[in-house]
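Remember, it's 1-based here, ligands and their atoms both numbered in the order they're listed.
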Amino acid sequence: MQRKRSRDLGILVGSVELAPVPDAAGVLCPYAEAYPGVPAEDWEPYRALYPELFVEDGWRLPCLSYLIRSSEVTILVDTGVGPPGLWDWTAEEEGLLPASLAALGVGVDEVDVVFLTHLHIDHIGWNTDLDGVPFFPRARYVVHRDALAFALRHPDRTHIRRCAVPLVDRFEQVTSEVELAPGVVTFEAPGHYPGHMGLRIISAGQEASLVADVVPHAALLDRPEWVFAFDEDSTANAPTRAALVEDLRGRDGLVICGHFPGSGIGRVHEREGRLVWAEARW
Ligand SMILES: [Zn+2]
């Protein structure tokens with residue numbers, strides 16, 4: 001029996017539906033801490049382009065998940081920061097994901113696949129409830145084999161203990177390119193995290209690339225060589241990010257990252273010698 005849809009989601013990529021699912025926003029840390037090799041003045045052009053990502057010298061980090069629906073398969077990409085108060089950061093707002101899903105007319109029991117790009121604290125918070133019970137009761141939880149292996153080497157980290165360890169027997173471990181639904185395919189992009197994955201939607205001549213934390217700040221599209229201190233392996237991520245940005249230049253599609261401004265869904269274009277990201281409107 002086909003599931004009854006309550007409403008359509010936000011945007012269409014071919015026949016695949018896509019919608020942002022906000023969970024949290026706040027100041028992560030000073031830019032100088034996240035990018036110690038980048039002089040403060042080098043950020044100024046990007047402060048002008050992306051004011052939403054700056055609070056004085058601090059990096060204001062939106063944290064959005066995404067809902068994708070293709071041929072009746074409903075996929076949630078990443079699960080945000082989770083219930084309020086778990087992460088030691090300066091949150092403006094937290095814990096929004098359940099309400100954001102409800103606003104889209106999607107219940108937690110309607111999510112078929114939870115796809116995790118990687119297992120950092122701001123991407124797996126709603127994997128489980130506060131007691132470690134899976135928050136999405138029917139979902140397949142899909143994660144890269146290397147990401148899970150890395151996470152489980154740190155079982156005492158709070159978010160790993162609560163949001164990954166209880167799901168060890170439930171995770172579906174993958175590598176390489178996996179079709180999660182018609183037109184929705186994972187790709188490997190390791191470095192920020194072992195086994196980090198992105199996602200590409202290709203449908204009816206349209207496409208979108210979800211880059212996640214390979215490019216965690218829109219400025220890095222223009223300055224992919226900048227070193228991000230929170231990459232688990234910056235040396236490994238450098239060629240991954242450079243190749244991905246080069247690939248995006250050659251594609252006429254949406255570029256998606258839950259840490260970018262607004263919906264995090266936009267397009268890249270050249271402007272005055274810079275590669276600039278601008279939010280798509282629909
Ligand atoms: Zn992140």
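The side-chain hydrogen bond (donor to acceptor under 3.5 Å, both in side chains) check on Tyr46 picks up Asp222, Arg274, with sequence neighbours excluded. Not a single side-chain hydrogen bond (donor to acceptor under 3.5 Å, both in side chains) links Glu93 to another residue, sequence neighbours left out. For Ser65, the side-chain hydrogen bond (donor to acceptor under 3.5 Å, both in side chains) test picks out no residue, with sequence neighbours left out.
Under the ring-ring contact (aromatic ring centres under 6.0 Å, His included) test applied with His259, the options His192, His120, His123, His217 reduce to a single match, His123.
Contact annotation: the side chain of Glu33 approaches that of Phe230 to within less than 4.5 Å [non-hydrogen atoms, C-beta and beyond].
With salt bridges taken as basic N to acidic carboxylate O contacts below 4.0 Å, none links Arg140 and Asp112.
Among protein atoms, those of element N, O or S found less than 2.8 Å away from the Zn ion (ligand 1) are Asp122 OD2, His123 NE2, Asp213 OD2, His259 NE2.
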